Participant: 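Pasting in a structure now, in structure tokens, and then I'll have a few things to ask.
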Amino acid sequence: MAKKNNKKYIFVVGGVMSGVGKGITTSSIGNLMQSRGFSVTALKVDPYINVDAGTMNPTEHGEVFVLNDGDETDQDMGNYERFMNITLPHTNYMTTGRVYQSVIERERKGGYRGKCVEVVPHIPLEIIDRIEKASKKEDAEISIIEIGGTIGEYQNILFLEAARMMKSKRPDDVLFVLVSYVPLPSKVGEMKTKPTQYASRTLNGAGIQADIIVARSEVALDDKRKEKIAWSCSVDKKSVISAPDVESIYHVPLNFEKDNLSNIILKKLGLRARTRDNAKWEKFTKKVETAKKPLKIGIVGKYFETGDFVLSDAYISVIEALKHASYYNGCKPELAWLDSVKYETDKKSLEELKDYDGIVVPGGFGSRGIEGKINVAQYCRENKIPYFGLCYGMQIAVIEFARNVAGIKGAQTAEIDDTAKHCVIDIMPEQKEKLKKKDFGGSMRLGAYPANIVKDTIARTAYKKAEISERHRHRYEVNPEYIKQIEDAGLVFSGKSPDGVLMEIAELPKNKHPFYLATQFHPEFQSAPLNPHPLFMAFVKASKK
Ligand code: GLN
């Protein structure tokens with residue numbers, strides 16, 4: 001029997017293919033363990049060499065999720081925060097690059113005392129050390145660790161080795177959950193368990209036996225399939241959990257409970273439940289079910305086209321934040337991806353913006369599509385269409401306003417043309433230095449910063465408070481030299497850094513526009529089902545009208 005106060009570790013690994021929902025499974029297990037009265041944290045380990053996700057193209061890798069402490073991480077970290085209503089530190093995220101970097105640094109400092117430093121065991125030992133430290137730092141009774149990638153890849157083998165070592169050292173405290181895909185080929189007409197059998201066997205090859213198998217499929221598994229997976233993969237039948245497609249990702253924890261998942265986990269870990277209370281979460285899922293009024297929101301971006309497939313992963317936090325606020329307002333969001341490039345060449349197409357209840361211009365980088373976004377901002381401003389700009393979306397609104405209302409001809413951002421006469425969006429001196437030195441990784445203005453909210457503004461009504469803290473990820477800022485001119489023309493900077501130098505929120509007064517507001521920060525990173533973001537709430541409310 002496990003010792004009572006031992007910390008527990010649940011590893012979540014994926015079989016058959018990527019995208020089957022390891023992240024949502026990890027988040028849902030976290031949510032359920034909380035509902036049984038435990039303090040829980042979650043970690044993501046990513047197999048790539050990049051030290052963080054900041055330097056990766058979101059069309060390839062999905063959103064870069066920024067933590068409070070400024071770490072640029074994988075989008076799954078966002079899921080953990082949203083499902084568990086917690087904030088996570090950088091210590092809960094690691095990549096192969098990060099692990100090697102610390103091993104090499106320690107070696108250079110003589111930290112291995114003359115030993116030959118080897119891939120095994122030193123890399124897995126570093127991984128274990130990081131997991132244990134994160135668990136301690138978060139004071140978590142249960143830590144859930146999602147291993148990125150799919151079983152059978154070369155890439156994640158050292159992470160699996162670390163997990164195996166942990167299990168062999170403390171068998172009662174470590175649990176393995178294999179999330180696998182069970183296809184239902186339409187021509188065959190029955191569910192096929194073979195890919196899962198192979199995944200389980202490949203996992204065995206890494207010295208690991210799954211304790212629980214979460215079987216992702218279109219519909220719930222029948223008894224026969226559960227039996228087959230159970231005996232072929234050496235798990236008991238009760239531990240084969242159905243994970244069929246559900247109405248929303250937020251229903252997944254409740255659906256797992258239909259197969260008794262939390263009890264199974266607690267029993268296997270030798271823990272006794274303290275409560276069973278997920279009432280708030282259940283209440284939220286009821287809102288999802290009853291939200292009826294369609295709300296058409298257009299998201300103007302350029303990241304979507306990836307071959308024949310549209311990758312909305314690049315904006316996942318924006319999408320989820322819109323959903324949270326919509327459900328709280330009784331609305332069913334219908335999100336449309338609008339390609340900013342089109343609005344550059346085909347101005348007539350701007351008229352289609354009238355078909356939407358609201359427009360979001362999210363974060364972005366670089367020149368492609370920017371003039372299209374500026375046209376969108378102008379069209380929304382002039383036609384009183386609710387506009388919500390996030391980061392680049394605020395810079396764009398400021399450029400548009402400067403050019404077309406404040407009369408600053410050729411207003412520009414230094415990101416596109418630093419020789420422009422009027423860079424109303426400019427780079428801060430310390431950022432300039434970084435770019436000069438080609439110091440690109442983790443060097444933007446990152447993470448949570450405080451801001452003060454001006455009285456009698458839309459922002460203040462929404463936040464209901466004067467001081468806020470929001471997460472950032474950008475290099476450029478509103479140029480202080482132009483603030484007065486822009487404000488005099490009627491744009492209100494309703495949020496500012498405590499020293500008053502950096503503009504954090506821009507808005508048009510209520511009597512001028514139903515909702516025209518933009519933020520230099522990324523409010524989407526702090527929205528959660530149990531904590532919908534006030535600005536998203538205000539935007540949805542205005543759009544609903
Ligand atoms: N490209 C802009 C900057 O770096 C905006 C960044 C963003 O939207 N996250 O300032």
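Counting starts at 1 for both ligands and their atoms, following the listed order. Since we're looking at a predicted model, the values are computed, not measured.
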Participant: Is Gln395 close enough to touch ligand 1? Criterion: a residue heavy atom under 4.0 Å from a ligand atom.
Facilitator: yes
Participant: May I ask you to decide if Tyr476's main-chain N or O and Gln395's side chain share a donor-acceptor pair within less than 3.5 Å?
Facilitator: yes
Participant: Please could you name the atoms of ligand 1 that His474 approaches to less than 4.0 Å, counting only its heavy atoms?
Facilitator: 3 (C), 4 (O), 6 (C), 10 (O)
Participant: Can you tell me the protein heavy atom closest to atom 10 (O) of ligand 1 and the distance?
Facilitator: Tyr476 N, 2.9 Å
Participant: Give the ring-plane orientation class for Trp281 versus Phe83, where under 30° counts as parallel, over 60° as perpendicular and anything between as tilted.
Facilitator: tilted
Participant: Check each heavy atom of Glu415 against ligand 1 and say whether those closer than 4.0 Å belong to the side chain, the backbone, both or neither.
Facilitator: side chain
Participant: Which part of His522 is near ligand 1, with near meaning a heavy atom under 4.0 Å away: side chain, backbone, both or neither?
Facilitator: side chain
Participant: Among Glu524, Met77, Arg473, which one satisfies side-chain contact (heavy atoms from CB on, under 4.5 Å) with Phe65?
Facilitator: Met77
Participant: For ligand 1, is Arg445 a contact, meaning one of its heavy atoms is under 4.0 Å away?
Facilitator: no
Participant: Should the pair Lys296 and Tyr356 be classed as cation-pi, given the thresholds of under 6.0 Å to the six-membered ring centre and 45° from the axis?
Facilitator: yes
Participant: May I ask you to decide if the ring planes of Phe388 and Phe539 are parallel, tilted or perpendicular, using 30° and 60° as cut-offs?
Facilitator: tilted
Participant: How far is atom 5 (C) of ligand 1 from the closest protein heavy atom, and which atom is that?
Facilitator: Gly364 O, 3.3 Å
Participant: What protein heavy atom sits nearest atom 7 (C) of ligand 1, and how far away is it?
Facilitator: Cys391 SG, 3.0 Å
Participant: Between the side chains of Ser317 and Arg82, is a donor N or O closer than 3.5 angstrom to an acceptor N or O?
Facilitator: yes
Participant: At under 4.0 Å between heavy atoms, is it the side chain or the backbone of Arg473 that contacts ligand 1, or both, or neither?
Facilitator: backbone
Participant: Mind checking whether His522 and Phe525 have parallel, tilted or perpendicular rings, split at 30° and 60°?
Facilitator: tilted
Participant: So which heavy atom in the protein is nearest atom 4 (O) of ligand 1, and how far is it from that ligand atom?
Facilitator: Arg475 N, 3.0 Å
